[in-house]
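In this chain, numbering begins with 1 at the start of the sequence shown. Every heavy atom of this structure was used, including side-chain atoms; hydrogens, water molecules and symmetry mates were not. Being a predicted model, the structure only gives us computed values, none of them experimental.
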Amino acid sequence: VQLQASGGGLMQAGGSLRLSCVASGIMFSIYRMHWYRQAPGKQRELVATIRNTGDTEYADSVKGRFTISRDNAENSVYLQMNSLQPEDTAVYYCHAEERQEYWGQGTQVTVSS
């Protein structure tokens, strides 16, 4: 099983980035998919969730700015991040959850003011 996250980078405040996570080795369509992030010195926090039904949930800090989506044909989950702020700086991880759980390796997002 592998979750490969990509799309991070350095962005100025107000900019946008799109993260991608491609899964292999799992029946992707049945998994609940999450994006988490962890900033230096802070605990990992849940950013967004998309269920196998397509229902979504967001942390209050990103509502209205971030959008999670999935493409089951591509075994992929995405996180569109708009209006980025310095406090969004973190390593972002994708997470697959069903009876078992799997984590991706993380992708760094740095937002400068």
Side-chain angles (χ1 to χ4, degrees):
V1 177
Q2 187 174 16
L3 299 179
Q4 185 69 41
S6 62
L10 175 63
M11 180 59 62
Q12 287 189 329
S16 297
L17 283 173
R18 186 186 192 223
L19 305 183
S20 300
C21 175
V22 181
S24 59
I26 61 173
M27 192 177 294
F28 179 81
S29 62
I30 70 172
Y31 276 75
R32 184 180 307 177
M33 298 300 299
H34 312 276
W35 285 100
Y36 282 78
R37 67 185 180 186
Q38 187 165 20
K42 295 188 177 181
Q43 288 188 329
R44 191 171 295 190
E45 65 170 340
L46 179 60
V47 174
T49 294
I50 185 164
R51 291 177 168 76
N52 57 359
T53 58
D55 292 338
T56 59
E57 296 177 5
Y58 298 93
D60 287 344
S61 58
V62 306
K63 278 181 183 176
R65 300 188 298 121
F66 290 11
T67 302
I68 188 171
S69 61
R70 66 190 298 159
D71 183 341
N72 290 337
E74 297 292 331
N75 286 358
S76 294
V77 61
Y78 307 100
L79 187 67
Q80 177 66 43
M81 305 185 295
N82 298 330
S83 301
L84 282 163
Q85 302 168 7
E87 50 265 40
D88 295 318
T89 295
V91 178
Y92 284 71
Y93 299 89
C94 57
H95 177 227
E97 179 187 9
E98 215 269 333
R99 291 185 180 181
Q100 294 180 307
E101 299 182 40
Y102 304 99
W103 289 90
Q105 87 286 2
T107 184
Q108 176 70 48
V109 172
T110 302
V111 184
S112 62
S113 56

Set of residues satisfying side chain to side chain donor-acceptor pair (under 3.5 Å) with respect to Asn72, sequence neighbours excluded: Arg70

Sequence-distant partners of Ser61, side chain to side chain donor-acceptor pair (under 3.5 Å), two or more places apart: Arg37

Pairs where residues 54-66 contributes a residue and the test salt bridge (charged side-chain N to carboxylate O under 4.0 Å, His left out) is met, not counting sequence neighbours: Arg51-Glu57, Asp60-Lys63, Arg65-Asp88

Interatomic distance, Arg32 atom CZ to Asn52 atom CG [nearest 0.5 angstrom]: 8.0 Å

Audit row: Trp35, Ile68, side-chain contact (heavy atoms from CB on, under 4.5 Å) steps and yes/no: CA-CA 8 Å; Trp35 285 100; Ile68 188 171; 3.6 Å; yes

Candidate pair Phe28 and Val77, rule side-chain contact (heavy atoms from CB on, under 4.5 Å), full reasoning: CA-CA 10 Å; Phe28 179 81; Val77 61; 4.3 Å; yes

Sequence neighbours excluded - salt bridge (charged side-chain N to carboxylate O under 4.0 Å, His left out) pairs with any residue from residues 20-30: none

Selection residues 94-104 - residue pairs positive for salt bridge (charged side-chain N to carboxylate O under 4.0 Å, His left out), sequence neighbours left out: none

Where at least one partner belongs to residues 76-113, residue pairs that pass disulfide (SG to SG under 2.5 Å), sequence neighbours excluded: Cys21-Cys94

Contacts of Gln2 that satisfy side chain to side chain donor-acceptor pair (under 3.5 Å) - sequence neighbours left out: Gln4

Partner residues of Thr49 under the side chain to side chain donor-acceptor pair (under 3.5 Å) criterion, sequence neighbours left out: His34

Heavy-atom side-chain contact between Leu3 and Val22 under 4.5 Å: no

Selection residues 37-81 - residue pairs positive for ring-ring contact (aromatic ring centres under 6.0 Å, His included), sequence neighbours left out: none

Heavy-atom donor-acceptor pair, Ser76 side chain to Glu74 backbone, under 3.5 Å: yes

Closest approach of Asn82 to Ser16 (non-hydrogen atoms, all atoms of both residues): OD1-OG, 2.9 Å

Sequence neighbours excluded, every pair satisfying side chain to side chain donor-acceptor pair (under 3.5 Å) that has a member inside residues 20-30: none

Show every donor-acceptor pair shorter than 3.5 Å between a side-chain atom in residues 105-113 and any protein atom, with sequence neighbours excluded, or say none if there are none.
from: Gln105; atom 1: OE1; to: Ala5; atom 2: N; distance (Å): 3.2
from: Gln105; atom 1: NE2; to: Ala5; atom 2: O; distance (Å): 2.9
from: Thr107; atom 1: OG1; to: Gly8; atom 2: N; distance (Å): 3.1
from: Gln108; atom 1: NE2; to: Ala90; atom 2: O; distance (Å): 3.4
from: Gln108; atom 1: NE2; to: Thr110; atom 2: OG1; distance (Å): 3.3

Hydrophobic cluster (4.5 angstrom, side-chain heavy atoms) - remaining members for Leu46: Tyr36, Val91, Tyr93, Trp103

